[in-house]
Novice: 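Structure incoming, see below.
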Amino acid sequence: MSNKLIELKDLTKNFDDQQVLRGINLDIYENEFLTLLGPSGCGKTTTLRIIAGFEEPSSGEVLFNGIEISKLPPYKREINTVFQKYALFPHLNVADNIAFGLNLKKVDKSVIAQKVERMLKMVGLEGFEKRDVTLLSGGQQQRVAIARALVNEPKVLLLDEPLGALDAKIRKQMQFELKKIQQEVGITFIYVTHDQEEALTMSDTVVVMNNGEIQQIGSPIDIYNEPENRFVANFIGESNIIEGVMVKDFLVEFDGFRFECVDKGFEEMEEIEVVLRPEDLDIVAPEDAKLTGVVQNTTFKGVHYEILVKTDLRIYKVQTTDYAEPGRKVGLSFEPEDVHVMYKMGAY
Amino acid sequence: MKHYKKMIQPYVVWAALLIVIPLILIALYAFTEEGNEVLTLSFTWKNFAKFLESTYVNVVVKSFWLGIITTFLCLLLGYPLAFIISRFPEKTQATLILLVTIPEWINMLLRTYAWMNILADNGIINQLLDLLGMRPVNMMYTDFSVILGLVCNFMPFMIIPIHTSLSKMDKSLIEAAYDLGATPFQTFRKVIWKLSIPGVLNGIMMVFLLSVSTFVIPKLLGGGQYMLIGNLIESQFISVGDWNFGSAISLILAVIILIFMSLMKRMDKQEE
Amino acid sequence: MNVRKSSIWERIYLGIMFLVMYLPIGVVIAFSFNESKLPVRFTGFSLVWYEKLFADHAMMEALLNSLILGVLSCLLSAVIGTLGAVGLSRTRWRSRGLMEYISILPLMIPEIILGMVLMAFFYMLRLPFGMLTLLIGHTIFCVPYILIEVKARLEGLDPFLEEAARDMGAGPLRTFRDVTLPLVMPAVLSGSLLAFAMSMDDVVISIFINGPRLSTLPIKVYTQIKTGVTPEINALCTIMLAATVLAFAAWYLCKKLTGGKEEDEQQVD
C-alpha cells in the first residue's frame, strides 16, 4: 500500500471522569478501506469524531499528511463524513443538499450542476435532483449523504455506522455498492461498525477495538484466522476457546493432550489460549480422535448442522454438513493449521 | 371509533353556544345602530365611517407600529437568548426555560407596577442617577416605558417557541454543515436559522397578537392619554357606552390580525 | 456530546437578560418588606404590610373570589377540554379542521375582544354580571389550554392500547375510564395548572364581565394601581410567588420520585 495519510499517535479522550480512549496508535494509508470494529462503547465512534474534528483529543496527536490537525475545526479539514442517521438538511432538496459544500466554496453554478449530476449518477439516483429529502427511503437518503460528502472531493471519507438504520437486504446491497464507490473514487474510507460481517466483507484493514484500546489490526483474513486474543476471537465469528500451554514451537497442550500446530515464537510452557473455529472441527469415529465426547444437541442451520459435543472437560461447538444424532459417542478431529494459539488475556 | 362521536357532542354545543354565537353578535353590533338595547337589524356603515372620519386612524397606526417595534425587539433580544439556552446540557436547559417562564407566574399588573416604581421620576433608576450626581431622566409615560413594559412582558412568548425549534433540531445537522466546510457563521445562516424559522414565526405571531391588542400596560406605563386600539375598545364599552362603535373597532382589529396571521402562515408554508 | 461550553459573553448576555426579567419581581419582593409606604426608597425591614394584608377584608375577599373562580373554572374546563380533545382526536369527520380552529379561537382572539364579546353576549342574555358570568368567561379561555395539551398527548399515544382494551372485551366507556383517561391524566393536570394560573392572572376579560360588586384579585390590583397602591399588594404577590415556587418544587420532586428513570444514559460511542 502507498503513503501514510493519517497517523493517530497516543490518542486519549476523557468525558468527565470516564476514559473513552486509552492510547490509540493507528496509521491509515491512502486509498485504504479501513474499518473500526467493536462493541458499542469501545471508542470507535469517538476515534472517528476526533479524525473529523467534532471532538478534540484529551492528549495525543492527529497527523494528516504529516501535519498536526487535532486543533483544526472540521470545516478546515479535507475530510467529509457520512453520518449515522444521514443528517440531510430537511429544508433543502436533494440537489441543494449535495451542492451545500460547493455552494459554500462559491463554485460556479454550472460546474455545481454538473458535479451534482455526476454524483447522483454514481450513487444511482439520476433524476432525483428536485426531490424532497425527507420523503426518500432510508437507502436513498444514505446515497444522498454519500454523494453530498464525496462531491467535495475529500481525501478521506468517514462513515459512522452508515448502514445501521437499513434493513438486511438493502444493507447487503449497500455494502457491495460502498466498496464499489470506494474503488471508483480511489480515496480512503474509514468505516465504523459493530457488525463483524460488514467489516470482514468490505475492508482492506480491520481495527478491532474494545474498551478504548485497539485489540488487533490486520486484514480480514488475519483477523478471522489468527485472532490475537480471546476478545477478538469471541467478537469475530464463533469459536471454541480453550486454555492451554505452549509446550514448544509447533506443539500445544490442552484438555490433557498434545497437538501439533503451526504457531511459534511463544515461550516454552507459556500459558496460552487456543481458538478452534466450529467449522474447522470434524466429527469422526471415537477411535480416530484424541478428543472424544457425546453429542448433546444437534440443530439444523440451513447449510450445516450445529452440533454440541460434550467432552469430559467442556462442550465443543461443531459446524458440519454431517448429521450426528444426540447421545452418540463421537470423536473430534482437526488439522494442525486449524489450531490458533493466542496470548492469554487476564480480564476477559 | 363511533362511540367517541358522542363524547364530542357536549364540546360542540359548548363551542357553538359560547364562542361562535357571541362572535356573530359582534359583527351584528358593528353593522347596526343603537343596538345597545334591542337588535334592530338596520344595516349601516356609520360605525366604520366614524372610524375613518376622526383621528382614530392614528390610533390604529400607532398600535400597529408599537406591535411591530415590540415584536422586533423581542425577536432581536429573544433569539440570542433562546440560542444560548439551547446550547447548554439538556438539564440546564430545562432549568433555564423554567426561569424564563417564572416571571409570567407573577401577576402581570404587579410586574408593570414594579416597572412604574423603577422608572418613575423619583423612582429607583433616577435615585441611583442622583446618587451618582447625574441629572434625572424622564422615563415614565413615554414610548420608551411602554415599549420596555411590553417587551419584558411578552419576551417569554418569543423565547419559548424559538427555543423549542432550536432544541429539537438534530445536532448532527450542525456537525454536517461544519463537516461540509461551513464556518460557524455560515452554519448559523444556512442551517440553524433556516430550521428555526417555524419557531420564529410562531413567536412573532404570539407577540404581535398580544402587543397589538394590549391595553393594560400602555394605560399604566403610558398614562391616560396613551391611546391604542385596546384602550379605544375598552373606553367605548366601559366608559363611553357606544357598543356599536366599539364592535366596529374590534372587527377592524380582528381583520388586521387575520391578515397578519395569514401572511405568517404563508411564509411558513414557503419555508417548507 | 457536542455541547460546547458557552463563552463568557454568552453568559454575560444571559445574566443581563435574566436580571431585567427578574428586576420587577425583586422590586415587588423587596418593597413588601419595606417599612415606608412609598415604593421608592427602602427605609427598613418590616412585616407590617403582611399584617395589614391579613386584616384587610376587601383584599381577602378578592383573593377568595379569585381562588374559587380559579378552581371552579379549572375543573369545569378540565372536563370540557378533555372531552373535546378526545372527541377531536378520535373522530374523523369532515368539519374536524374547522372545529379544531374554533377550539383554539379563544386563545387567538385578543383578550380585549373576547372580553367585549362576552360582555355584549351576557348582556343580551340578561345574565346578571357576577360570579356566574366570570365563571363562564374564565372557562371559555381556560378550555383551550387543557384541550391543546390533552390532544397533543392523545396524538402521541399508541392507538393499539385502546384497541387492545376493546379487544379484551372492555366497552367504550370502560376503555375510556380505565385506559385512555389514566394515560392522558398528566396532560390534563399540567393543562389545568396552566389554566388555573391564567384564571388567577386575568384582568382584561374580567373587567368586562365582573359586575359592579364583585372583585377578583387582579381587578383589585388594577383599580388600586390606578388610584394608588398600598404595599399590601406587594406582600400578597410575594406570598403567591412563594406558593408558586413551592408548588413547582413539589411537582418537580413528585416527578423525580415517581418518574425515576429519566434518560440519564449518555451514549458514549
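Proteins get letters first, then strands, A, B, ... in listed order; numbering begins at 1 in each.
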Novice: What part of R77(A) gets closer than 4.5 Å to chain B, counting heavy atoms only: side chain, backbone, both or neither?
Specialist: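 Nothing of R77(A), per the 4.5 Å heavy-atom cut-off to chain B.
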Novice: Check whether the side chains of Y75(A) and Q186(B) place a donor and an acceptor atom closer than 3.5 Å, and report yes or no.
Specialist: no
Novice: Name the region of I79(A), side chain, backbone, both or neither, that has any atom closer than 4.5 Å to a heavy atom of chain B.
Specialist: backbone
Novice: Taking the inter-plane angle between the rings of F208(B) and F64(B) on a 0 to 90° scale, is it parallel (under 30°), tilted (30 to 60°) or perpendicular (over 60°)?
Specialist: perpendicular
Novice: Below 4.5 Å from any heavy atom of chain A, which atoms of L173(B) appear? Answer side chain, backbone, both or neither.
Specialist: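 Contact with chain A: backbone and side chain both.
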Novice: With only heavy atoms counted, which part of L158(A) is less than 4.5 Å from chain B, the side chain, the backbone, both or neither?
Specialist: neither
Novice: Please determine whether side-chain hydrogen bond (donor to acceptor under 3.5 Å, both in side chains) holds for the pair Q84(A) and S172(B), giving the CA-CA distance in whole Å, both sets of side-chain angles, and the decisive distance to 0.1 Å.
Specialist: CA-CA 9 Å; Q84(A) 202 158 13; S172(B) 64; over 6 Å; no
Novice: Parallel, tilted or perpendicular: which describes the rings of F188(B) and Y79(B), with under 30° parallel and over 60° perpendicular?
Specialist: perpendicular
Novice: Check each atom of N152(A) against the heavy atoms of chain B and say whether the ones under 4.5 Å are side chain, backbone, both or neither.
Specialist: side chain
Novice: Which bit of F100(A) comes within less than 4.5 Å of chain B, counting heavy atoms only: side chain, backbone, both or neither?
Specialist: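 The side chain, not the backbone.
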Novice: Identify, with sequence neighbours excluded, every residue that meets salt bridge (Lys or Arg N to Asp or Glu O under 4.0 Å) alongside K180(A).
Specialist: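 K180(A): no salt bridge (Lys or Arg N to Asp or Glu O under 4.0 Å) contacts found.
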